[in-house]
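Have a look at this one before I ask anything.
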Amino acid sequence: MENILVFGGKGGVGKSSISTATAVHLARKLPQKKILLVSFDIAHNLSDLFEKEIGNDITQITPNLFVIEPDPDLYALSYTGELTKKTRELFKSSKLMAMIPQLESIVEESLRSENLPLAMKNALFFQSIIDAENPMQGIGERKLRYIALNQSKETPLNERALLPKFDIMVCDFPPTGNMIALFEVPADPSRRLMKLTLKIISVLQDSLNKFKSITKWAQPAIWMAKHAINKEAKPSNPLDKEDQQNLAQNILDLLYEMEKRSDRIAALLKGIGSLRLVSIPEKPSFEEAKRAKILSEPFISVDVLHINRLIPPSEMGKTLYLDKILSSQEKYRQKIHKEFQDLKIWESHWLEDEPIGIDGLTRLAEEIYKDSSTFEILNPLNRYLKNPTTKQEKNPLNIEELRQKWRES
Ligand SMILES: Nc1ncnc2c1ncn2[C@@H]1O[C@H](COP(=O)(O)OP(=O)(O)OP(=O)(O)O)[C@@H](O)[C@H]1O
Ligand SMILES: [Mg+2]
């Protein structure tokens, strides 16, 4: 992966149209580069823009342009599946779990992928797809196969072609609040899962060893469960001490892998990610773009501001009503230029025909980028050349400390 372009901004300002037009334009101008366009909005509309059914399979639009409207549930499942399976096995080997059957359903519920927050699921997909070392690692063999130009949904999965490696990823993000959640979470899901898992494991472990030493927060739950305790019960998955420890070690290793991957992705986003904010020349979207810039800066380089849907000056003098809008647009246009003077600004007029289909999208891209080179589109501020190795340093998890804790328990 060489570039990750992310388009964000207020609802309805043209994020999907501009991100899609950009992907179409780059694919046409750079036939040697493989481009993947991904919609991260739950209200997917890439199918409408391409006038073609897309959905959860990576779908080939032109020889080098691929698109997907991912279903976050599926990716969360493939990402957390192994971890939850092993954690469940460990719980089932515990005598306490057998004594208090209600605990099992609590554990099952909290680790089920359907119960993860949507932002986290989307982020898991985002992680899977941009993972530097192995771009499709989390997705698994089934998802490695795609619907290409000469095959359809009816083509059996094992006969479908394999995915190529992508050079450029273009992302259509949801409006600002959810966009920030996507940036934040990639650094975070493993920690959240880890905290949850370790909390449950450690409570079970502690309570098995010594009822007195149960951490404070678990006491009410244990007190409530007291009546339900069946002292005769046997674990449904009895394991000897060594197997139990190996399994726990396995879980820790999995969590550690996830942690490393989160760090790698945060660094990748900082290194080759480029946020492009879209606004129309009106107060609400201008205000939102200002907010989005500040909130996103810790995660990704904010490079571009698109001013979209400007009324063409040829409309001036036609009606009083239009003139009023034109003058208000001009006021906000100037404010935007002043506020975002450190960013590259591209402007696009309100096109007469709705920009859909490859032709419509190409027209919009030409309206936006005019004679800008693809180099400029990909590197509008030339930042990557100046600082190609920017990395985010974070406190890695101390795995040795955790291993020690396990050995002691
Ligand atoms: N420059 C333009 N000229 C004409 N129509 C445009 C232009 N830009 C966007 N549109 C139209 O405006 C509408 C909203 O655009 P789009 O769906 O791209 O916005 P969005 O920011 O992705 O919205 P949402 O937040 O709902 O996802 C669409 O009907 C689109 O065709
Ligand atoms: Mg959209």
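Start at 1 and go down the list; that is how both ligands and their atoms are numbered.
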Those atoms of ligand 1 less than 4.0 Å from some heavy atom in Leu364: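 Per the distance check, 1 (N).
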Hey, looking at atom 5 (N) of ligand 1, which of Pro355, Gly12, Ser348, Pro175 has the closest heavy atom? Pro355
Donor-acceptor pair, side chain of Glu69 and main chain of Leu46, under 3.5 angstrom: yes
Would you say the side-chain atoms of Lys10 pair up with the backbone N or O of Ala289, donor to acceptor, closer than 3.5 Å? no
Thr374 and Tyr369 side chains, donor-acceptor separation under 3.5 Å: no
Quick check: Ile18 and ligand 1, any N/O pair under 3.5 Å apart?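 No; the residue has no nitrogen or oxygen that sits under 3.5 Å from a nitrogen or oxygen of the ligand.
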Using a plain distance cutoff, I'd like to know if Asp353 has any nitrogen or oxygen under 3.5 Å from a nitrogen or oxygen of ligand 1. no
One finds that the ligand 1 atoms under 4.0 Å from a non-hydrogen atom of Gly11 are 25 (O)
Quick one: sort the Phe40 and Phe173 rings into parallel, tilted or perpendicular, breaks at 30° and 60°.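 Taking Phe173 first and then Phe40, their aromatic rings stand perpendicular (interplane angle over 60°).
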Less than 4.0 Å is my threshold; does some heavy atom of His349 fall inside it relative to ligand 1? yes
Which heavy-atom pair separates His337 from Glu347 by the least distance, and what is that distance? NE2-OE2, 2.7 Å
Presence of N, O or S from Ser16 under 2.8 Å of the Mg ion (ligand 2): yes
Using a strict cut-off of 4.0 Å, indicate which atoms of ligand 1 neighbour a heavy atom of Asn45.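 Here the atoms of ligand 1 in question are 17 (O).
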Does either side chain, that of Ser16 or that of Asp172, offer a donor lying less than 3.5 Å from an acceptor on the other one?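 Yes, side-chain donor-acceptor contact under 3.5 Å.
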